Amino acid sequence: MRIVVLAGGIGGARFLRGLLAAAPEAEITVVGNTGDDIHLFGLKVCPDLDTVMYTLGGGIHEEQGWGRADETFAVKEELAAYGVGPEWFGLGDRDFATHIVRTQMLAAGYPLSAVTEALCARWKPGVRLIPMSDDRVETHVVVDVEGERKAVHFQEYWVRMRAAVPAHAVAPVGAEAAKPAPGVLEAIAAADVIVFPPSNPVVSIGTILAVPGIREAVAEAGVPVVGLSPIVGDAPVRGMADKVLAAVGVESTAAAVAAHYGSGLLDGWLVDTVDAGAVAEVESAGIRCRAVPLMMTGLAATTQMAREALALAQEVRA
Ligand code: GDP
Ligand code: CA
């Protein structure tokens, strides 16, 4: 079985652990979000790709959900001693090495997809991880700063401002001119099932779908497309999905997110058992829906979620 997953960071990565356990024989291709990428200290940082790579490769800081385990911050402290920031973005010493290797390879002319493959040769994530595009795409968020409306980098909104100010709009800058990375459209066309993990529908999966050709390829793949809601009990399990959903005019409910993707894209949708009341609404929108536990409290629970997603795919295929 060939499975394609469009993934952001933590939600996508944790779900993938369950999917690997639920379908150990499957060939899994992960199309990763690069809209969160940022240049810091002259280095190219790809937070979502690294979260998937570290989580599946055994290097992740488990509690935090991003960054390396057993991390130290000597480089960051030394940079700060020079007055060189930003200080609001946490880059640890071990993590720095990844960004140095990546930046060095990019400077030597390798595309991001080849660099990601090289980094994964060390981590052996058990999936094929491909960035959505080799071209630069940067998610910007429109906010009011001191009475002035302006667009800031997603990381500035999320990490620096802690999403504490209202987001008025979200834009994947550069997406319209970006091309899917080599292998992305091929993997989607060859898939037996396509899965939207419980990743952020706007700034993770939404950004991937904004790369011209990807949304169309998913819609036209002719195989089941099933998703799992990142919204449980009308709120994101963690993060700021509610804020960026509001920015695009979508309510923070499991049903509204399904409708946002739409029946043109989604065939099946899993909501948490606390949202069982939303099943009828999702089904009336032409999307097969089931309520099952969707809290990724550990590998067993997450594996069961992946099994439910694959079962739902079977059901819509029949
Ligand atoms: P990010 O790039 O690190 O923000 O990660 P993703 O976009 O992949 O995932 C973020 C989303 O994961 C958030 O909207 C959360 O609500 C969702 N999420 C995190 N943990 C869980 C969980 O245990 N269950 C569900 N259903 N969603 C979760
Ligand atoms: Ca992210």
Side-chain angles (χ1 to χ4, degrees), residues 5-19 30-38 45-56 60-67 89-90 129 131-132 137-141 153-159 162-163 167 170 172 195-209 226-248 250 252-254 256-258 260-261 269-275 278 290-306 308-309:
V5 180
L6 309 189
I10 300 176
R14 289 193 172 159
F15 173 77
L16 282 163
R17 275 187 174 159
L19 185 63
V30 178
V31 178
N33 171 42
T34 57
D36 297 7
D37 294 6
I38 185 166
V45 180
C46 302
D48 284 1
L49 295 179
D50 289 350
T51 293
V52 171
M53 187 172 79
Y54 294 156
T55 301
L56 301 183
I60 199 77
H61 186 302
E62 289 290 343
E63 295 73 42
Q64 197 168 256
W66 53 270
F89 202 88
L129 175 62
M132 65 190 198
V137 177
E138 234 172 55
T139 301
H140 285 204
V141 181
H153 190 288
F154 169 75
Q155 299 296 356
E156 200 170 342
Y157 168 72
W158 170 225
V159 182
R162 297 177 190 282
V170 179
V195 181
F196 293 0
S199 282
N200 190 303
V202 181
V203 295
S204 292
I205 297 178
T207 308
I208 299 170
L209 292 170
V226 296
L228 300 92
S229 179
I231 303 294
V232 172
D234 300 343
V237 178
R238 59 186 286 169
M240 44 47 222
D242 51 339
K243 309 236 167 68
V244 288
L245 279 166
V248 299
V250 178
S252 267
T253 66
V257 172
H260 174 62
Y261 286 129
W269 186 241
L270 293 178
V271 301
D272 188 83
T273 43
V274 302
D275 297 311
R290 275 207 219 140
V292 298
L294 287 189
M295 295 302 286
M296 297 190 282
T297 48
L299 185 60
T302 310
T303 305
Q304 187 53 30
M305 282 167 56
E308 296 285 1

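Side-chain atoms are counted along with the backbone in the values below, which use heavy atoms only and exclude waters and symmetry mates. Small disclaimer: the values here were computed from a predicted structure and weren't measured. Order of appearance sets the numbers: ligands from 1, and atoms from 1 within every ligand.
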| Sequence neighbours excluded, which residues qualify as side-chain contact (heavy atoms from CB on, under 4.5 Å) partners of Val45? | Ile38, Leu40, Pro47, Phe89, Leu91, His99

| Apex the Ca ion (ligand 2) - arms OD2 from Asp36 and OD2 from Asp48 - angle rounded to 10° |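 If I round to 10°, I get 90°.
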
| field | Between CZ on residue Phe154 and OG on residue Ser204, distance to nearest 0.5 Å | value | 7.0 Å

| request: Find the distance between CZ (Phe196) and CH2 (Trp269) and round it off to the nearest 0.5 Å. | output: 8.5 Å

| Within the 4.0 Å heavy-atom sphere of ligand 1, strictly under, residues |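 Answer by chain and number: Gly8, Gly9, Ile10, Gly11, Gly12, Asp48, Pro198, Ser199, Asn200, Ser204, Ser229, Pro230, Val232, Pro236, Val237, Arg238, Ala241, Leu294, Met295, Met296.
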
| message | Quick check: do Met240 and Asn200 have side-chain heavy atoms less than 4.5 Å from each other? | response | yes

| Are side-chain heavy atoms of Asp37 and Glu138 found at a separation under 4.5 Å? |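 No, too far: nothing below the 4.5 Å cut-off.
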
| said: Can a donor-acceptor pair be found, under 3.5 Å and without considering hydrogens, that links the side chain of Asp272 to the backbone of Leu294? | reply: yes

